[in-house]
Amino acid sequence: MPPNLTGYYRFVSQDNMDGYLRALDINVALRKLVCLLKPDKEIIHVGDHMTIRTVTSLRNYIMDFDLGIEFEEDLGPVDGRKCQTTVFWEGDQLVCKQQGEKQNRGWRHWLEGDHLHLRMTAEAEVCVQIFQKVK
């Protein structure tokens, strides 16, 4: 049985956000700004339905979905694109596949103790963020 990721998580660290954003064709000024942000994550997980809120001082992004069901995701706030997205469990990791203009785009979340890990990919770039559960 997969873990329940419900909780509020504070940003701890990240690695290679600039490379990840470059792979998404984000302009240099916005990349520099985004790399300074320290996002929080709020996850609500009830059965096969999840809501993931990414909260920053610049803007918030809300992803609301049913596990295993493909949907059109509007990534306008991120990079101006739309893609076909499916989120599912792979063992104890929550995996997101985003099919669109960019190859190898997606992410995965997993828990290690009270730390939430996020591995985001686009093209050949990988960005890793770590968050601490606070409630």
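The shown structure was predicted, so the numbers you read here are calculated from the model rather than taken from an experiment.
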Work out which heavy atom in Leu5 is nearest to a heavy atom in His45; give both atom names and the distance. N-ND1, 3.3 Å
Given the rule that I, L, V, M, F, W and Y join up when any side-chain heavy atoms are under 4.5 Å apart, are Leu30 and Met120 in one cluster? yes
Does the side chain of Lys102 reach to within under 4.5 Å of the side chain of Leu24, using non-hydrogen atoms? yes
Taking only residues two or more places apart in sequence or in another chain, which ones pass side chain to side chain contact (heavy atoms under 4.5 Å, CB included) with Asn16? Glu125
The reported gap from CD in Gln84 to OG1 in Thr86 (rounded to nearest 0.5 angstrom) is 8.0 Å
Heavy-atom nearest pair, Gln99 first then Cys83, reads O-CB, 3.1 Å
Worked verdict on Leu111 versus Phe131 for side chain to side chain contact (heavy atoms under 4.5 Å, CB included): CA-CA 9 Å; Leu111 287 172; Phe131 302 85; over 6 Å; no
Donor-acceptor pair, Glu90 side chain versus Val95 backbone, under 3.5 Å? no
Cluster link Leu94 to Phe71, ILVMFWY, side chain under 4.5 Å: yes
Side-chain heavy atoms of Asp40 within contact of Tyr8, under 4.5 Å: yes
Would you give the length of the straight line joining atom OG1 of Thr56 to atom CG of Leu36, rounded to the nearest 0.5 angstrom? 11.5 Å
Distance col, row Arg105:CZ vs Glu73:CD, nearest 0.5 angstrom, shows 7.5 Å
Could I get the full list of side chain to side chain contact (heavy atoms under 4.5 Å, CB included) partners for Arg119, not counting sequence neighbours? Arg108, Trp110, Thr121, Val126, Val128
Rounded to the nearest 0.5 Å, what separates atom CG in Leu33 from atom CG in Asn27? 10.0 Å
Cluster overlap Val55 with Phe11, hydrophobic side-chain contacts below 4.5 Å: no
Give the minimum heavy-atom separation between Tyr9 and Ile43, together with the two atoms involved. CE1-CD1, 4.1 Å
What I'd like to find out is whether the side chain of Gln14 reaches to under 4.5 Å of the side chain of Ile130, using heavy atoms alone. no
Yes or no on side chain to side chain contact (heavy atoms under 4.5 Å, CB included) for Phe88 and Lys97, after CA distance, side-chain angles and deciding distance? CA-CA 9 Å; Phe88 56 93; Lys97 299 288 183 192; 3.7 Å; yes
Check whether any side-chain heavy atom of Thr85 sits under 4.5 Å from a side-chain heavy atom of Glu70, and report yes or no. no
Chi angles and distances behind the side chain to side chain contact (heavy atoms under 4.5 Å, CB included) call for Glu112, His117: CA-CA 7 Å; Glu112 289 183 13; His117 292 253; 3.5 Å; yes
Distance, nearest 0.5 Å, that separates NE2 of His49 from CZ of Phe65: 8.0 Å
Check whether any side-chain heavy atom of Leu37 sits under 4.5 Å from a side-chain heavy atom of Ser57, and report yes or no. yes
Is there a side-chain contact between Cys96 and His109 (heavy atoms, below 4.5 Å)? no
Do Asp25 and Arg81 sit within salt-bridge range, that is, some charged N less than 4.0 Å from a carboxylate O? yes
Between His115 and Val12, which heavy-atom pair has the shortest distance, and what is it? CD2-CG2, 4.4 Å
Quick check: closest heavy atoms across Cys35 and Leu21, and the distance to 0.1 Å? SG-CD1, 4.4 Å
Closest non-hydrogen atom pair, Tyr20 against Cys127: CB-CB, 3.7 Å
Minimum side-chain heavy-atom gap Arg31-Met17 below 4.5 Å: no
Taking the side chain as everything from C-beta on, heavy atoms only, tell me whether Asp48 gets closer than 4.5 Å to Trp89. no
Any ion pair linking Lys32 and Asp18 (charged N to carboxylate O, less than 4.0 Å)? no
For the hydrophobic clusters of this structure (ILVMFWY residues joined by side-chain heavy atoms under 4.5 Å, transitively), does one cluster hold both Ile44 and Leu116? no
Please tell me whether Leu75 and Leu58 are part of a single hydrophobic cluster in this structure, the criterion being side-chain heavy atoms less than 4.5 Å apart. yes
How long is the span from the OH atom in Tyr61 to the OG1 atom in Thr54, to the nearest 0.5 Å? 8.5 Å
